[in-house]
Amino acid sequence: MKLIEVQNYEEMSKVAAKTIIEQVHTKPNSVLGLATGGTPIGTYQHLIKDFTQNNTSFEKAISVNLDEYIGLEKDNPQSYNYYMKEQLFNHINIPENQTYLPFAKSIDDEEAGRNYEKLIESLGGIDMQILGIGENGHIGFNEPGTSFSSTTGIVKLTDSTREANARYFTKMEDVPTHAISMGISTIMKSRKIVLLVSGVKKAPVLNELFQAAVKEDLPASILKEHPDVTIIADQEALSILKENKGSVYS
Ligand code: F6R
């Protein structure tokens, strides 16, 4: 894992956007794996700014998102479909029919995961996957204990993940209990992975990621076995790791 240390959220966002822009310049028809949540919002703002100022074109790009809640319609403002349109797609020139998010009708919709796997395969796989990390080490919505061989499917969200995401909902009961998420093995097949980590709340898990062995209790630890992972982390996120003298960063 390559670590890029940055000062703060703003710098993380700029560096991440630059990485994506370079990818699209090098391969205009890149398949980009995208994430939601608070972490990539600044990155998307920089992509929009660059599109407006420098005309970087996403006309040939294809996006596949990591996950979506189950039980929220696509036009629900809390859905990740809505988020992606608001935060990025409506402001750049990626054609709508080249943007994909997983979608499951219910928590029994097993077909949905298989279909998403087939879709990613038919697109030739993911060129660059952007990831955030949960405070419990999840990637996508693959919670601790998920098999490293998991493929896209229905997942049950832990109470801690529902609590962390409750900030976007009026009340806790409104936070969905399940989601459909790209599997860990699906994420690992991406040719490049960029993990964004910002803020003091992520300092314990980032420290654990570097210190701990690869284990299913820490889903992100599998990234150590991927040949092309770049972590862009800010000073707050790195604060515990840097305190631990002698830690090896890569
Ligand atoms: C989002 C996703 C999640 C988030 C993670 C961090 O699509 O798959 O793994 O990246 O929960 O969320 P934030 O960025 O809100 O801290």
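Ligands are counted one by one from 1 in listed order, and the atoms in each one are counted from 1 as well. The basis for the numbers below is simple: all heavy atoms, side chains too, and nothing from hydrogens, waters or symmetry mates.
The Leu66 neighbourhood of ligand 1 comprises atoms 8 (O), with distances under 4.0 Å to a heavy atom of that residue. Here is the list of ligand 1 atoms found below 4.0 Å of a heavy atom in Gly140: 2 (C), 3 (C), 8 (O), 9 (O).
Residue Glu135 does not touch ligand 1, judged by heavy-atom distances below 4.0 Å. Heavy atoms of Ile133 found under 4.0 angstrom from ligand 1 belong exclusively to the backbone. Of the heavy atoms in Arg167, only side-chain atoms (C-beta onward) come closer than 4.0 Å to ligand 1. Contact annotation for Thr39 and ligand 1: heavy atoms of both the backbone and the side chain come within less than 4.0 Å of the ligand.
Ile139 CD1 to Leu223 CG: the interatomic distance, rounded to the nearest 0.5 Å, is 4.5 Å.
In this structure, atom 1 (C) of ligand 1 lies nearest to the protein heavy atom Thr36 OG1, 3.3 Å. The nearest protein atom to atom 16 (O) of ligand 1, hydrogens excluded, is given as Lys202 NZ, 2.7 Å; this is a heavy-atom distance. From the protein, the heavy atom lying nearest to atom 2 (C) of ligand 1 is Asp67 OD2, 3.3 Å. The shortest contact between atom 10 (O) of ligand 1 and any protein heavy atom is with Gly132 CA, 3.3 Å. At the top of the distance list for atom 11 (O) of ligand 1, counting protein heavy atoms only, stands His138 NE2, 2.7 Å.
Put simply, the side chain of Asp109 does not reach to within 4.5 Å of the side chain of Ile180, judged on heavy atoms. Thr36 is not listed as a side-chain neighbour of Leu66, based on a closest heavy-atom distance of 4.5 Å or more.
Salt bridge Lys215/Glu208: present, at least one basic N to carboxylate O contact under 4.0 Å. A salt bridge links Arg114 to Glu111: one of the charged nitrogens lies within less than 4.0 Å of a carboxylate oxygen.
The N/O atoms of Tyr80, backbone and side chain alike, include none that comes under 3.5 Å of an N/O atom in ligand 1. Any N or O atom pair closer than 3.5 Å counts here, and Tyr168 shares no such pair with ligand 1. Residue-to-ligand polar distances keep Gly134 apart from ligand 1: every N/O pair is separated by 3.5 Å or more. On a distance-only criterion, Gly38 and ligand 1 share at least one N/O pair closer than 3.5 Å.
By the 6.0 Å contact criterion, NZ on Lys14 is open, its count of non-hydrogen atoms from other residues, nucleotides or ligands being 12 or less.
You'll find the ring centres of Phe169 and Tyr69 inside the 6.0 Å limit.
Checked by atom type and distance alone, the side chain of Thr99 never pairs as donor or acceptor with a backbone atom of Ser63 at under 3.5 Å. Side chain of Ser150 to backbone of Ile184: a donor-acceptor contact under 3.5 angstrom is found.
Residues that satisfy the side chain to side chain donor-acceptor pair (under 3.5 Å) test with Ser147, not counting sequence neighbours, are Ser149.
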